[in-house]
Amino acid sequence: MSNNFHKYKFKIKEMSSFEAIKEYHKIKVCCNKSNEEAYLYSTNGSGNYSLYLKDRFFYLSIDNETKNISAFDGDLDIKLLKFVKIQLPSNIINAILSIDTTDKFEQGCGGYINFDISKIYYDKSQKLLQIGNLDPNEITYKIFDNGFAQLQKNNLTGLMFTEIEL
């Protein structure tokens with residue numbers, strides 16, 4: 001494994017006010033599609049550091065000061081999608097997702113984490129995009145307006161985005 005790979009753990013931050021969570025829930029992941037490619041991008045979100053999910057096609061933006069996940073972007077090859085019926089998780093909690101580290105991130109730089117990007121599913125009828133592993137029976141965290149994450153032993157295991165038109 002390359003030195004650029006990190007074993008960062010994630011955590012859910014406790015909120016001192018509802019206003020803080022409302023700011024993160026203004027962030028929305030959108031999609032621009034052309035031919036067999038789609039570009040996913042975040043509105044109202046940005047960060048100083050890019051944390052790539054195994055390769056350079058999907059990445060989370062991290063705010064260096066707070067270590068909060070503040071955006072998601074990615075390139076998607078539509079031909080590689082598996083079209084399936086996706087079950088929405090039933091136990092959803094509003095949250096802010098953060099990296100559990102004291103590392104100082106250099107602005108404009110990035111690193112990698114191991115993440116299973118071989119599982120990319122799309123439910124056309126519900127306009128749901130799933131990346132990685134999500135168990136509909138496990139706790140799911142709403143981290144953006146239309147973005148959700150699951151953790152297992154503080155490792156990021158899956159992401160889901162609603163309202164994605166492919």
Side-chain angles (χ1 to χ4, degrees), residues 1-14 24 27-31 36-42 45-84 86-89 91-123 128-144 146-162 164 166:
M1 196 162 24
S2 164
N3 289 340
N4 289 334
F5 276 86
H6 302 282
K7 294 184 179 184
Y8 289 127
K9 297 291 185 179
F10 290 79
K11 66 181 179 178
I12 299 302
K13 282 197 171 174
E14 297 203 16
Y24 281 87
I27 300 167
K28 185 170 185 162
V29 176
C30 300
C31 179
E36 295 300 317
E37 298 287 322
Y39 177 67
L40 302 166
Y41 63 95
S42 295
S46 65
N48 315 86
Y49 182 81
S50 298
L51 189 59
Y52 298 99
L53 306 181
K54 193 171 184 175
D55 61 27
R56 297 184 71 84
F57 295 110
F58 299 115
Y59 65 94
L60 300 165
S61 293
I62 314 296
D63 178 80
N64 192 27
E65 185 178 318
T66 64
K67 304 297 190 263
N68 293 342
I69 308 302
S70 52
F72 176 84
D73 295 274
D75 293 319
L76 185 59
D77 184 344
I78 296 171
K79 295 178 295 211
L80 299 178
L81 284 176
K82 295 173 185 91
F83 290 85
V84 298
I86 298 173
Q87 184 179 346
L88 281 168
N91 191 359
I92 296 174
I93 297 172
N94 290 327
I96 293 178
L97 183 62
S98 182
I99 293 183
D100 192 6
T101 185
T102 57
D103 288 359
K104 274 301 220 185
F105 297 136
E106 211 174 308
Q107 185 163 340
C109 292
Y112 300 85
I113 59 170
N114 274 321
F115 184 89
D116 187 0
I117 59 167
S118 69
K119 296 177 180 165
I120 304 174
Y121 304 115
Y122 184 67
D123 185 328
L128 296 175
L129 177 66
Q130 177 182 321
I131 303 169
N133 297 307
L134 276 138
D135 182 339
N137 301 312
E138 292 294 323
I139 294 173
T140 303
Y141 299 99
K142 180 178 181 178
I143 58 171
F144 301 144
N146 67 329
F148 303 84
Q150 272 189 359
L151 304 175
Q152 186 175 50
K153 296 181 182 175
N154 293 343
N155 291 306
L156 182 65
T157 58
L159 295 166
M160 177 182 285
F161 302 100
T162 61
I164 300 295
L166 294 175

Review point. Is any side-chain heavy atom of Leu129 less than 4.5 Å from a side-chain heavy atom of Val29?
Key: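 No, their side chains stay 4.5 Å or more apart.
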
Distance from [X] atom [atom1] to [Y] atom [atom2], nearest 0.5 Å?
X	Y	atom1	atom2	result
Leu53	Asn114	CG	CG	10.5 Å
Asp63	Ile96	CG	CD1	10.5 Å
Ile12	Ile93	CD1	CD1	8.0 Å
Asn154	Tyr8	CG	OH	15.5 Å
Leu40	Cys30	CG	SG	9.5 Å
His6	Ile113	NE2	CD1	10.0 Å

Partners passing side chain to side chain contact (heavy atoms under 4.5 Å, CB included) against [X] (at least two apart in sequence or in another chain):
X	value
Glu36	Ile78, Lys79
Ser46	none
Ala71	Ser42, Ser61, Asp73
Lys104	Asn64

Exercise for review: Report, as yes or no, whether the 6.0 Å neighbourhood of atom CD on Glu106 holds more than 12 heavy atoms from other residues, nucleotides or ligands.
Suggested key: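 Check fails, neighbour count at 12 or below.
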
Exercise for review: List the steps, then state whether side-chain contact (heavy atoms from CB on, under 4.5 Å) holds for Met160 with Leu88.
Suggested key: CA-CA 9 Å; Met160 177 182 285; Leu88 281 168; 3.8 Å; yes

Review point. Taking the side chain from Asn146 and the backbone from Phe161, do they hold a donor-acceptor pair closer than 3.5 Å?
Key: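 No.
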
Exercise for review: Would you check if the side chain of Tyr122 reaches a backbone N or O of Ile164 as a donor-acceptor pair within less than 3.5 Å?
Suggested key: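 Checking the backbone N and O of Ile164 against the side chain of Tyr122, a donor-acceptor pair under 3.5 Å is found.
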
Exercise for review: Please determine which of Phe5, Tyr59, Tyr49 meets the ring-ring contact (aromatic ring centres under 6.0 Å, His included) test together with Tyr112.
Suggested key: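 Checked Phe5, Tyr59, Tyr49 against Tyr112; only one passes ring-ring contact (aromatic ring centres under 6.0 Å, His included): Phe5.
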
Review point. Given Lys13, which of Asn68, Thr66, Asp100 fulfils the side-chain hydrogen bond (donor to acceptor under 3.5 Å, both in side chains) condition?
Key: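 Of Asn68, Thr66, Asp100, side-chain hydrogen bond (donor to acceptor under 3.5 Å, both in side chains) with Lys13 is met by Asn68 alone.
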
Side-chain atoms of residues 134-144: list all donor-acceptor pairs with protein atoms under 3.5 Å, sequence neighbours left out, distances to 0.1 Å.
unit_1 : atom_1 : unit_2 : atom_2 : d
Asp135 : OD1    : Asn137 : N      : 2.8
Thr140 : OG1    : Glu138 : O      : 3.3
Thr140 : OG1    : Gln150 : NE2    : 2.9

Review point. Are Phe83 and Leu166 close enough, and set up right, to give a side-chain contact (heavy atoms from CB on, under 4.5 Å), and what steps lead you there?
Key: CA-CA 11 Å; Phe83 290 85; Leu166 294 175; 5.8 Å; no

Review point. Could you walk me through whether Thr157 and Phe10 pass the side-chain contact (heavy atoms from CB on, under 4.5 Å) check?
Key: CA-CA 10 Å; Thr157 58; Phe10 290 79; over 6 Å; no

Check your understanding: Is NZ or CZ of Lys67 both nearer than 6.0 Å to the six-membered ring centre of Phe105 and within 45° of the ring axis?
Key ->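 Ring-cation test returns yes.
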
Check your understanding: Do Phe148 and Leu159 pass the side-chain contact (heavy atoms from CB on, under 4.5 Å) test, and can you show the C-alpha distance, the side-chain angles, and the key distance before you say yes or no?
Key -> CA-CA 6 Å; Phe148 303 84; Leu159 295 166; over 6 Å; no

Check your understanding: Where do Asn133 and Lys119 land on the side chain to side chain donor-acceptor pair (under 3.5 Å) test, with the steps shown first?
Key -> CA-CA 7 Å; Asn133 297 307; Lys119 296 177 180 165; 2.9 Å; yes

Review point. Any luck finding a side-chain donor-acceptor pair between Tyr24 and Asn94 under 3.5 Å?
Key: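 Distance-only check fails for Tyr24 and Asn94.
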
Review point. Do the ring centers of Phe57 and Tyr52 come within less than 6.0 Å of each other?
Key: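 Ring-ring flag for Phe57/Tyr52: false, centres at least 6.0 Å apart.
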
**Study point:** Any residue meeting side chain to side chain donor-acceptor pair (under 3.5 Å) with Thr102, in chain and number order, not counting sequence neighbours
**Key:**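 Thr102 satisfies side chain to side chain donor-acceptor pair (under 3.5 Å) with no residue once adjacent residues are dropped.
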
